[in-house]
Amino acid sequence: ERHQLHGAWRSQPGARGHCKTPPRRSPPCYILGGICMRLSGFETAVFLVLLAVSVFVSGRRLMAVLRRIRRSKPDADFRLRPLLPRVRKFAWEVLLQAKVIRERRWPGVAHAFVFWGFCAFALATIDHVSEALGWPLLSPHGWGGLYFGFAAVFALAVAVSIAGLAVRRFVVRPKWLGKVSYESGLI
């Protein structure tokens with residue numbers, strides 16, 4: 001049994017929902033949960049337009065922030081070196097979220113899971129975008145399957161964490177969080 005991948009024929013034993021169309025005669029075939037999905041030319045065009053709009057809007061916001069940073073007054077006593085303590089602090093406070101967890105244990109753990117989850121989803125997001133363009137990066141078998149399983153565990157942790165943070169924000173409502181922002185609930 002064969003399906004079209006990267007414009008060439010490749011065998012995939014035991015694949016359910018495989019595509020049986022000849023190469024270059026139809027849109028790329030994507031195997032998602034055993035279901036063969038095809039993007040039409042119109043769907044691909046809509047995706048690319050939405051992707052371009054998203055990149056444009058995000059880029060405008062990023063450029064505004066960068067302009068503000070560049071206009072700021074330089075810090076006279078700023079020194080980049082020694083670099084190792086800065087890298088260590090970045091790893092501890094940003095990547096491991098230690099400062100957030102230390103300050104408020106359970107909300108901090110929930111925020112950490114949300115952060116780690118979105119870091120774990122990065123490769124899956126890149127794979128989905130490349131797949132929509134006809135160049136899937138990860139196979140559901142082997143390493144790709146392990147990665148998607150890993151991302152699924154984080155998806156569950158993120159869902160539970162966001163639910164807990166929403167209850168805290170909109171039901172428990174600690175005073176120090178300030179006025180309830182319904183925009184944060186939408187986000």
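For the single chain, residues carry numbers from 1 onward in sequence order.
Atom-to-atom distance recorded for Phe121:CZ and Trp116:CH2 is 13.5 Å, nearest 0.5 angstrom. The CG atom of Leu51 lies 12.0 Å from the OG1 atom of Thr44; values are rounded to the nearest 0.5 Å. In this structure, the separation between NZ on Lys89 and NZ on Lys99 is 6.5 Å, given to the nearest 0.5 Å. How far CD1 of Ile101 is from CD of Glu103: 11.0 Å, rounded to the nearest 0.5 Å. A distance of 11.0 Å separates NE2 of His128 from CG of Leu137, quoted to the nearest 0.5 Å. One finds the CG atom of Leu66 at 10.0 Å from the CZ atom of Arg61 (value rounded to the nearest 0.5 Å).
Leu96 and Val109 are members of different hydrophobic clusters when ILVMFWY side chains are connected at heavy-atom separations under 4.5 Å. Both Phe148 and Trp143 belong to a common hydrophobic cluster when Ile, Leu, Val, Met, Phe, Trp and Tyr are linked at side-chain heavy-atom distances under 4.5 angstrom. Note on Leu165 and Val167: separate hydrophobic clusters, where clusters join Ile, Leu, Val, Met, Phe, Trp and Tyr whose side-chain heavy atoms are under 4.5 Å apart, directly or indirectly. Residues Val46 and Val129 are members of separate hydrophobic clusters, defined by side-chain heavy-atom contacts under 4.5 angstrom among Ile, Leu, Val, Met, Phe, Trp and Tyr. At a threshold of 4.5 Å between side-chain heavy atoms, the hydrophobic network of Ile, Leu, Val, Met, Phe, Trp and Tyr places Val100 and Phe115 in two separate groups.
For the residue pair Ser161 and Ala110, the shortest heavy atom distance occurs at CB-O, 3.4 Å. Shortest non-hydrogen contact noted between Ala151 and Ala120 is CB-O, 4.5 Å. The two residues Arg169 and Lys179 make their nearest non-hydrogen contact at NH1-O, 4.3 Å.
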Stepwise, does the side chain to side chain contact (heavy atoms under 4.5 Å, CB included) test hold for Phe56 with Arg60?
CA-CA 6 Å; Phe56 175 76; Arg60 273 188 41 191; 3.4 Å; yes
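Side chains of Asp127 and Tyr147 form no contact here, defined as non-hydrogen atoms less than 4.5 Å apart.
More than 12 heavy-atom neighbours from other residues, nucleotides or ligands sit within 6.0 angstrom of CZ on Phe154.
Formation of a donor-acceptor pair under 3.5 Å by the Ser130 side chain with backbone atoms of Trp135 is found in this model. Here the side chain of Glu93 pairs no donor or acceptor atom with the backbone of Phe90 at under 3.5 angstrom.
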